[in-house]
A.B. asks: 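Dropping the structure in here first, questions after.
These values consider heavy atoms only, across backbone and side chains, with no hydrogens, waters or symmetry-generated copies. Small disclaimer: the values here were computed from a predicted structure and weren't measured.
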Amino acid sequence: MSSDIQLSLFGESNFSQKELIPTDAKIPILTGTYNNMTELAQHCNQCQRCELGQTRTHAVVGRGHLKAPIMIVGEAPGQNEDETGLPFVGRSGQLLEKILESVNLTTEHDVYIGNINKCRPPNNRVPTPQEMAACIPYLLEQIRLVDPKIILLTGATAVKGLTGEKQGITKIRGQWIEWQGRLCMPIFHPSYLLRNPSKEKGSPKWLMWQDIQAVRAKYDELKQNI
């Protein structure tokens, strides 16, 4: 066999390996697999790495500024997200936008939003460890592509899924965690705030206001040090 044929076959083998990623969770997604978010989204929309791919309407990859300094990571899509293919677009999303706007942050300029899982679990249940393990490599590639300085983790599932931290969200919200050279802060999920509308001192909404101000202050500090 000539060297040219051998090189050709080797190249085809590598290509096939990448193409197999959406078919099986045993196929690794190595760092640097995707050149851009469009390539990643194509695989997410074909993906059958776990059973959630069989019941989704749309894969929910992300939205916002593709080079945002701040990234928000949620748990998994709900019904509105599954129908639209966009994360945080229902009442929770509207509240999240208001929270960001309260400290002059927007998804157009400052924030990119993604999820631990790209497909909606049936009845909005929490993703299983197997489902999260199958999907998190996509999220890690998103983080690499966006390259945020700050990551906000909304709710306990997002915290545990990305960092492995198992403490309850009420115990660790508002605390900075260093992960892979980036600053992460666990915060309440907007849906939790909708269920707890009080704005009294010490309430979840009051605590969120403290947290988002701390995020804004850290963001400004990091900008000054660039």
Side-chain angles (χ1 to χ4, degrees), residues 17-56 58-64 66 68 70-78 81-82 85-88 92 96 111-122 124-169 172-173 176-187 189 191:
Q17 184 78 355
K18 180 177 177 179
E19 290 303 298
L20 287 172
I21 285 172
T23 67
D24 192 334
K26 294 178 182 177
I27 307 296
I29 301 176
L30 303 177
T31 300
T33 293
Y34 300 106
N35 295 313
N36 52 59
M37 207 68 75
T38 300
E39 283 187 8
L40 186 147
Q42 288 173 344
H43 268 194
C44 289
N45 281 291
Q46 300 167 10
C47 190
Q48 298 292 326
R49 288 170 67 86
C50 75
E51 293 182 358
L52 296 183
Q54 299 174 19
T55 56
R56 69 166 179 257
H58 295 102
V60 179
V61 180
R63 67 178 175 93
L66 292 176
I70 299 172
M71 187 166 176
I72 296 175
V73 176
E75 176 182 297
E81 289 77 18
D82 178 60
L86 296 170
F88 284 95
S92 291
L96 179 61
V111 178
Y112 182 84
I113 304 175
N115 281 317
I116 294 288
N117 275 80
K118 307 293 183 261
C119 299
R120 180 193 180 193
N124 292 349
R125 63 164 171 75
V126 175
T128 67
Q130 293 76 19
E131 290 163 353
M132 288 194 286
C135 206
I136 279 177
Y138 288 128
L139 177 63
L140 297 180
E141 278 290 87
Q142 286 181 288
I143 293 171
R144 180 186 64 82
L145 289 167
V146 176
D147 194 22
K149 300 297 183 288
I150 293 172
I151 300 177
L152 304 182
L153 303 168
T154 63
T157 300
V159 176
K160 183 179 179 181
L162 193 63
T163 71
E165 176 60 61
K166 297 179 181 179
Q167 291 189 74
I169 192 69
I172 58 173
R173 53 128 291 274
W176 290 109
I177 300 171
E178 187 169 339
W179 172 83
Q180 302 286 320
R182 305 179 196 276
L183 286 172
C184 298
M185 180 186 283
I187 60 174
H189 195 286
S191 63

A.B. asks: Is there a side-chain contact between Y138 and V61 (heavy atoms, below 4.5 Å)?
C.D. replies: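 No, too far: nothing below the 4.5 Å cut-off.
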A.B. asks: Taking all atoms of both residues into account, what is the closest heavy-atom pair of R63 and P87, and its distance?
C.D. replies: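 It is NE-O, 2.7 Å.
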A.B. asks: Determine, stepwise, if the pair C47 / K118 fulfils side chain to side chain contact (heavy atoms under 4.5 Å, CB included).
C.D. replies: CA-CA 9 Å; C47 190; K118 307 293 183 261; over 6 Å; no
A.B. asks: Give the C-alpha distance, both sets of side-chain angles, the deciding distance and a yes or no for side chain to side chain contact (heavy atoms under 4.5 Å, CB included) between R56 and D82.
C.D. replies: CA-CA 7 Å; R56 69 166 179 257; D82 178 60; 3.8 Å; yes
A.B. asks: Charged N to carboxylate O under 4.0 angstrom, E75 versus R125?
C.D. replies: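 No, this pair does not count.
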A.B. asks: Should M37 and V146 count as side-chain neighbours, where that means a heavy-atom distance under 4.5 Å?
C.D. replies: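 Answer yes - side chains close enough.
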A.B. asks: Roughly how far apart are I116 CD1 and L139 CG, rounded to 0.5 Å?
C.D. replies: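 Interatomic distance, I116 CD1 to L139 CG, rounded to 0.5 Å: 5.5 Å.
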A.B. asks: Which residues pass the side-chain contact (heavy atoms from CB on, under 4.5 Å) test with E81, not counting sequence neighbours?
C.D. replies: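 Result, side-chain contact (heavy atoms from CB on, under 4.5 Å) vs E81: V60, P77, V89.
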A.B. asks: Tell me the closest heavy-atom pair linking C119 and A76, and the distance in Å.
C.D. replies: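 Between these two residues, the closest heavy atoms are O-CB, 4.2 Å.
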A.B. asks: Provide the closest heavy-atom pair for I187 versus I169 in the form atom of the first, atom of the second, distance.
C.D. replies: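 The pair with the smallest heavy-atom distance is O-CD1, 3.6 Å.
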A.B. asks: Working to the nearest 0.5 angstrom, can you tell me the gap between H58 NE2 and C44 SG?
C.D. replies: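 Those atoms lie 13.5 Å apart.
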A.B. asks: Quick one: pull up CD in E178 and OG1 in T163 and give me the separation to the nearest 0.5 Å.
C.D. replies: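 One finds 12.5 Å between CD of E178 and OG1 of T163.
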A.B. asks: Supply the atom-to-atom distance Q130 CD to C50 SG, rounded to the nearest 0.5 angstrom.
C.D. replies: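 Output value for this atom pair is 10.0 Å.
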A.B. asks: Side chains of Y34 and Q142: is there a donor and an acceptor less than 3.5 Å apart?
C.D. replies: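 Result is no, nothing qualifies.
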A.B. asks: Can E19 and H43 be said to form a side chain to side chain contact (heavy atoms under 4.5 Å, CB included), step by step?
C.D. replies: CA-CA 8 Å; E19 290 303 298; H43 268 194; 4.1 Å; yes
A.B. asks: For residues D147 and M71, determine if any side-chain heavy atom of one lies less than 4.5 Å from a side-chain heavy atom of the other.
C.D. replies: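 No. Closest side-chain heavy atoms not under 4.5 Å.
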A.B. asks: When you compare the side chain of P148 with that of I143, does any pair of heavy atoms fall below 4.5 Å?
C.D. replies: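 Side chain of I143 against side chain of P148, heavy atoms only: contact under 4.5 Å found.
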A.B. asks: Heavy atoms only: give me the nearest T33-R144 pair and the separation to one decimal.
C.D. replies: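 The answer is N-NH2, 4.3 Å.
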A.B. asks: Is the closest side-chain heavy-atom distance between M132 and K160 below 4.5 Å?
C.D. replies: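 M132 does not reach K160 side chain to side chain.
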A.B. asks: Considering all heavy atoms of both residues, which atom of T128 and which atom of E131 are nearest to each other, and what is their separation?
C.D. replies: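 Scanning both residues completely, I find the closest heavy atoms to be N-OE1, 2.9 Å.
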A.B. asks: Would you say V73 and I151 make side-chain contact, with heavy atoms under 4.5 Å?
C.D. replies: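 Yes. Closest side-chain heavy atoms under 4.5 Å.
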A.B. asks: Could you give the distance from OG1 (T38) to CG (L40), rounded to the nearest 0.5 Å?
C.D. replies: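 It comes to 9.5 Å.
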A.B. asks: Can I get a per-line list of side-chain donor-acceptor pairs under 3.5 Å for residues 20-31, giving both atom names and the distance, sequence neighbours left out?
C.D. replies:
from, atom 1, to, atom 2, distance (Å)
T23, OG1, L20, O, 2.5
D24, OD1, K26, N, 2.9

A.B. asks: Please name the pair of heavy atoms, one in L153 and one in A158, separated by the smallest distance, quoted to 0.1 Å.
C.D. replies: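 So the minimum-distance heavy-atom pair works out to CD2-O, 4.1 Å.
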A.B. asks: With side chains defined as the heavy atoms from C-beta onward, is the minimum distance between F88 and N115 less than 4.5 Å?
C.D. replies: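 A side-chain contact exists here, since the closest heavy-atom pair is under 4.5 Å.
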A.B. asks: Report yes if some heavy atom in the side chain of W179 is under 4.5 Å from a heavy atom in the side chain of L162; otherwise report no.
C.D. replies: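 Touching, per the 4.5 Å side-chain cut-off.
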A.B. asks: Hey, is the main chain of R182 close enough, under 3.5 Å, to the side chain of Q180 for a donor-acceptor pair?
C.D. replies: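 It does not hold such a pair.
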A.B. asks: So, taking the atom named CZ in R173 and the one named CE in M185, what distance separates them when rounded to the nearest 0.5 Å?
C.D. replies: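 Those atoms lie 8.0 Å apart.
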A.B. asks: Count the heavy atoms belonging to other residues, nucleotides or ligands that lie under 6.0 Å from CD of E51, then report whether that count exceeds 12.
C.D. replies: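 Result for CD/E51: open.
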